[in-house]
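Scroll down for the structure; my scribbles are underneath it.
To find a chain, count down the sequence lines: A is the first, B the second, and so on, and within it residues start at 1. Reckoned from all heavy atoms, side chains included, excluding hydrogens, waters and symmetry mates.
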Amino acid sequence: MDLLKNLNNNQKEAVLHTEGPLLILAGAGSGKTRVITHRIAHLINDKNVKPYNIFAVTFTNKAAEEMKNRVMSIVGPAGNSVFIKTFHSAAVYILRRFGEHIGLSSNFTIYDSKDQEDVIKRILISMKIDHKKIKPSTIASKISEIKDKEGYLEGMDLSHFVPDYFAFDFMEVFEKYEEGLKNNNAMDFNDLLIKTVHLLRRSETALSDMQYMWRYFMIDEYQDTNYSQYLIAKYLASHSKNICVVGDDDQSIYSWRGADIRNILNFEKDYERARIITLEENYRSTKGILDAAHAVIQNNSQRKNKNIIAFRGDGEHVKWCQANNEYGEADFVANTILSLKNRENLSNRDFAVFYRTNAQSRIFEDVMRREGLPYRIIGGQKFYDRKEIKDIIAYLKFLTNNSDTVSLFRIVNTPVRGIGNATQDKVTELARSMGINEWKVIDDELITGRIPKGLYDFKQIINSLQKEMKNIPAGLKLSEFVKSITDKSGYRKSLNEDNSLESNARIDNIDEFINSIYEYEQMNPDATPEQFIQDISLYTSEQNPEEEHKDNCITLMTIHNAKGLEFPVVFLTGMEENTFPHKLCVDSEDALEEERRLCYVGITRAMDQIYLTSTEIRRSFAGIDYKQPSRFISEIPAELIDVKHQQSTHHIPERSESYNSFGYGKSSFSTGTGYNLKRASELNVNKKSAVSESRPSQSQTDSSSTFEVNERVMHPKFGTGRVVKIEGTGDNVKLTISFGITKKVFMEKYTPLEKLN
DNA sequence: TTGAGGCTTTCAACA
DNA sequence: AAAGCCTCAA
């Protein structure tokens with residue numbers, strides 16, 4: 001029973017209340033995750049519940065992994081069988097397993113927002129609507145918004161949600177979009193949830209199978225669930241009634257994704273005799289931090305007032321630094337970290353830098369690098385969003401689902417095969433007139449007239465790869481197959497021929513991708529390509545908690561990404577009007593309240609110290625903006641906040657200088673090795689393990705290598721590998737190292753390799 | 001008809 | 001960084 005040892009009375013009660021509906025209102029820092037994991041452990045260890053009878057969902061992949069790890073650290077390997085996922089991945093699991101009950105095939109493709117926009121763009125073109133005037137992304141988000149609504153699921157007419165400034169027939173576009181997804185055997189993120197609801201409603205067999213399988217339900221971040229998620233939980237738990245939801249209305253920050261706060265507010269009405277437990281003791285932050293957080297959040301009108309009891313001492317005041325510009329801000333952050341590391345016993349992993357938008361991260365990266373501070377970026381430009389990775393994934397998507405026209409047109413001329421717009425239009429036109437899909441037109445060679453040879457080549461490539469694919473996983477490994485895609489498609493060859501810094505970087509990324517598949521197949525030896533594709537479609541921001549703790553890095557991320565995490569020292573940056581609160585939110589009271597909740601989430605991540613920073617001027621793509629401090633700062637009473645000042649001598653480059661306002665281009669690095677530095681920083685996004693500083697190369701003056709053939713090594717980017725060949729002497733030692741099934745050649749002198757024993 | 005090169009535009013958070 | 005548009009050569 002020592003599971004309960006370190007819990008307070010309310011926490012204990014929440015852990016022990018296993019039967020029947022339970023709502024846990026858990027304020028920030030109140031030990032919510034602890035309660036959930038201990039509750040799961042209690043079910044398994046003390047109540048003899050089978051791990052696979054437990055269904056737990058949370059909001060992000062990161063949180064789900066973290067939860068699973070924590071459960072396993074209490075109950076051991078048995079915890080691995082607990083079903084812990086995000087709502088979306090749970091939906092994919094359910095649809096793959098039970099979808100046939102409502103006529104769904106299991107090889108459906110998942111479309112992300114980019115894919116959605118592609119579909120919409122094609123529709124707009126076919127309807128002769130100018131897609132430059134009406135952005136596909138605007139339409140996509142409107143469609144998502146509508147599909148998230150309660151009325152949509154209940155089959156109501158939602159055309160009144162269409163804004164009247166749409167000078168075209170939105171509903172027609174919407175219908176064609178739905179039709180297009182259906183024809184392509186594809187689902188968007190909304191569909192995953194919606195179809196799951198349909199399944200649960202229409203198939204009693206499937207529902208009762210699931211209710212037999214899962215008897216205890218736990219829903220984390222309940223305040224951020226949307227209507228379909230609410231229904232999924234409701235149907236699944238309708239038999240056992242053992243549903244425990246956890247949430248905090250003050251931390252609801254996803255209404256833009258359809259989250260409906262009513263779900264948590266109405267829990268008592270939805271579930272009779274629901275037990276409600278409030279966790280209001282905060283164990284995380286010192287009182288100075290909590291008082292400031294409270295001062296901000298109490299300006300919201302739409303909230304339940306609640307107590308937060310500071311368990312820890314008074315601590316330090318919140319500090320506010322107004323820098324002259326964003327360089328000054330980043331300098332302040334870096335200098336503060338450096339001096340805190342000196343003065344107090346803090347290390348890199350104790351610091352986190354939060355910002356409202358990903359674009360703000362670049363200057364922090366620059367300064368951290370300059371100061372030699374190792375950092376990692378969570379989120380940001382997603383590895384899977386890179387063109388080369390999306391291309392290879394598109395091959396996989398198309399190979400597993402020939403109806404997927406979005407992927408087909410992405411790859412048909414990638415690499416260039418002489419299949420331009422004219423030919424592609426012919427294919428589309430013929431497919432439409434014959435009522436067949438586009439691949440059939442190509443595969444059956446139905447086009448008449450002048451046909452580029454490349455189209456035939458493409459057909460051959462696909463046919464041959466499809467034949468190969470049949471041997472997975474028995475005769476062929478998934479990773480080998482993907483390697484084969486990159487070879488047979490000519491993708492690798494065309495990058496090789498280009499032989500620029502950029503194309504070489506792309507090849508590295510592709511190899512890294514293959515290596516990650518190698519790792520994936522170690523974990524999932526029976527996985528089919530279909531399964532793999534569906535898994536990674538949901539896993540956009542790979543975040544590996546194990547890796548996180550291994551590395552001693554400063555963490556950079558958006559506030560949204562910070563939800564659920566805690567750090568001893570937090571920097572909440574860009575505290576300016578129109579930055580945070582974001583400029584798109586300042587005109588709506590509801591949006592502003594959500595920004596304020598976001599601010600509350602940001603402040604309450606801090607355990608010991610929090611620094612708010614803002615700038616007087618900030619560059620935007622439009623030029624230089626003069627900024628006012630965020631209203632959230634003025635909401636904190638003066639006696640709770642210490643003011644600092646920082647001037648930066650760093651001059652802001654003019655537009656004409658080598659600097660683009662996006663802050664992406666390699667031009668933003670002034671040194672000749674800028675590109676490599678950039679690559680190094682990308683490692684952090686990709687691998688999570690990498691450290692930003694390039695380690696000093698082993699300056700080996702004697703003629704032999706410090707490595708031996710067959711030795712196991714760790715590369716910051718490619719992970720663990722094995723030395724297979726050593727060539728050259730002195731400064732010219734070349735090492736060939738195999739990672740999974742790929743091999744890479746490195747100059748020993750320039751490569752930060754770590755020996756593994 | 002295609003593709004390369006040059007120029008411009010894009011600009012919120014996430015599954 | 002990536003995509004769209006334009007022009008021009010093949």
Side-chain angles (χ1 to χ4, degrees), chain A residues 57-64 85-92 110-114 116-118 121 131-132 135-137 141 144 148 187-193 221 224 226 229 253-259 354-360 362 378-382 384-388 390-391 413 415-426 449-452 454 498 502 505-506 534-541 543 557-563 574 578-585 591 594-595 597-598 601-602 619-622 660-668 678 682:
Chain A
V57 284
T58 157
F59 213 61
T60 61
N61 289 306
K62 187 176 169 56
K85 286 179 183 289
T86 64
F87 260 110
H88 287 85
S89 59
V92 170
I110 300 167
Y111 279 177
D112 64 16
S113 37
K114 282 269 163 46
Q116 279 181 296
E117 287 167 30
D118 276 354
K121 201 166 83 193
H131 65 270
K132 275 148 279 168
K135 283 185 296 179
S137 57
S141 51
S144 274
D148 274 337
M187 294 194 211
D188 60 24
F189 286 128
N190 303 310
D191 286 337
L192 296 174
L193 304 172
E221 309 284 8
D224 279 329
N226 67 18
Q229 291 166 331
I253 54 175
Y254 283 100
S255 71
W256 50 277
R257 261 181 56 185
F354 301 157
Y355 33 79
R356 178 64 175 79
T357 63
N358 282 308
Q360 288 163 250
R362 199 201 98 243
I378 306 286
Q381 212 212 321
K382 310 279 168 49
Y384 292 114
D385 281 348
R386 279 155 206 278
K387 186 187 178 304
E388 60 276 19
K390 286 211 80 166
D391 288 341
N413 201 32
V416 169
R417 296 189 182 92
I419 305 163
N421 282 333
T423 310
Q424 292 184 31
D425 287 350
K426 263 191 217 165
R450 207 179 84 81
I451 305 151
D498 191 35
E502 194 195 329
R506 290 191 195 280
Q534 287 170 3
D535 281 353
I536 60 169
S537 298
L538 294 174
Y539 214 75
T540 48
S541 56
Q543 285 146 351
M557 63 179 135
T558 62
I559 312 166
H560 281 90
N561 255 317
K563 187 165 169 177
N578 296 324
T579 307
F580 186 31
H582 193 272
K583 62 174 178 296
L584 298 177
C585 299
E594 179 147 316
E595 293 289 286
R597 290 192 293 270
L598 190 57
V601 168
R619 285 182 51 90
S620 71
F621 72 97
N660 81 46
S661 59
F662 271 91
Y664 294 137
K666 52 186 164 184
S667 58
S668 56
K678 174 71 177 168
E682 285 165 353

Closest of B/dA4, C/dA3, B/dA15 to the A/His88 side chain is B/dA15

Result for 5'-nearest mapping on DNA chain B, choosing between A/Glu595 and A/Ser113, is A/Glu595

Mind calculating the distance between NZ (A/Lys583) and C1' (B/dA12) to the nearest angstrom? 8 Å

Would you say A/Arg506 places a side-chain N or O within less than 4.0 Å of OP1 or OP2 belonging to C/dA2? yes

Atom CG of A/Asp498 and atom P of B/dA4: how far apart are they, to the nearest Å? 10 Å

Check every strand shown and say whether A/Thr423 touches a base, only sugar-phosphate, or nothing at a heavy-atom separation below 4.0 Å. sugar-phosphate

Nearest-angstrom distance from the residue atom CG of A/Asn190 to C1' of B/dC14: 12 Å

Please pick, from B/dA12, B/dC14, C/dG4, the nucleotide with the shortest atom-to-atom distance to any side-chain atom of A/His560. B/dC14

Which of these nucleotides, C/dA3, B/dT1, B/dA12, is closest to any side-chain atom of A/Thr357? B/dA12

So if I take every side-chain heavy atom of A/Tyr254 and compare against C/dG4, B/dC14, B/dA15, which nucleotide ends up nearest? B/dC14

If stacking means aromatic ring centre less than 5.5 angstrom from the base's six-membered ring centre, planes under 30°, is A/His582 stacked on B/dA13? no

Enter the distance from A/Thr579:OG1 to A/Gln360:CD here, rounded to the nearest 0.5 Å. 6.0 Å

Check whether any side-chain N or O of A/Asn358 sits under 4.0 Å from OP1 or OP2 of B/dC14, and answer yes or no. yes

Re B/dA4: Watson-Crick or G-U wobble partner, both distances kept under 3.5 Å, found to be C/dT7

Looking across every strand, which nucleic acid part, if any, lies under 4.0 Å from A/Ile419 by heavy atom: base, sugar-phosphate, or nothing? sugar-phosphate

When you measure from the side chain of A/Gln424 to the backbone of A/Ile419, do you find a donor-acceptor pair of N or O atoms at a distance under 3.5 Å? yes

In whole angstroms, the gap separating C1' of B/dA13 from CD of A/Gln360 amounts to 11 Å

Figure out the CZ/P separation between A/Arg257 and B/dC14, and round it to whole Å. 10 Å

Under 4.0 Å between a side-chain N or O of A/Asn561 and OP1 or OP2 of B/dC14? yes

Suppose we screen for ring-ring contact (aromatic ring centres under 6.0 Å, His included). Which residues come up paired with A/His560, at least two apart in sequence or across chains? A/Tyr254, A/Trp256

First of A/Gly418 and A/Thr86 reached from the 5' end of DNA chain B, by closest nucleotide: A/Gly418

For A/Trp256 and B/dA12, are the ring centres under 5.5 Å apart with planes inclined under 30°? no

Flag, side chain of A/Asp191 to backbone of A/Asp188, donor-acceptor distance under 3.5 Å: yes

Considering only C/dA2, B/dT2, B/dA12, which nucleotide approaches the side chain of A/Arg386 most closely? C/dA2

At under 4.0 Å between heavy atoms, what does A/Lys135 touch on the DNA or RNA strands: base, sugar-phosphate, or nothing? sugar-phosphate

Look at A/Lys114 and B/dA15 and indicate whether a side-chain polar atom (N or O) is within less than 4.0 Å of OP1 or OP2. no

Does B/dT2 have its OP1 or OP2 closer than 4.0 Å to a side-chain nitrogen or oxygen of A/Asn413? no

For the pair A/Asn358 (side chain) and A/Thr558 (backbone), establish whether a donor and an acceptor sit closer than 3.5 Å, ignoring hydrogens and angles. no

Euclidean distance for P, C/dC5 against B/dC11 (whole angstrom): 15 Å

Would you mind reading off the distance between A/Arg362 atom CZ and C/dA1 atom P, rounded to a whole angstrom? 11 Å

Spacing of A/Glu388 atom CD relative to C/dA3 atom P, expressed in whole Å: 11 Å

Considering Watson-Crick and G-U wobble pairs with both distances under 3.5 Å, what does B/dC11 pair with? none

If you round to the nearest 0.5 Å, how far is NZ of A/Lys390 from CD of A/Glu388? 12.0 Å

Classify the nucleic acid contact of A/Phe87 as base, sugar-phosphate or nothing, counting any heavy atom under 4.0 Å across all strands shown. nothing

Just to confirm, is there a sub-4.0 Å distance from OP1 or OP2 of B/dC14 to any side-chain nitrogen or oxygen of A/Thr558? yes

State which of C/dA3, B/dA15, B/dA4 makes the closest approach to the side chain of A/Val416. B/dA4

Side chains of A/Gln534 and A/Ser537 only: does a donor on one sit below 3.5 Å from an acceptor on the other? no

Rounded C1' spacing from B/dA12 to C/dG4 in Å: 22 Å

What's the CG-C1' distance between A/Asp535 and B/dA15, to the nearest Å? 13 Å

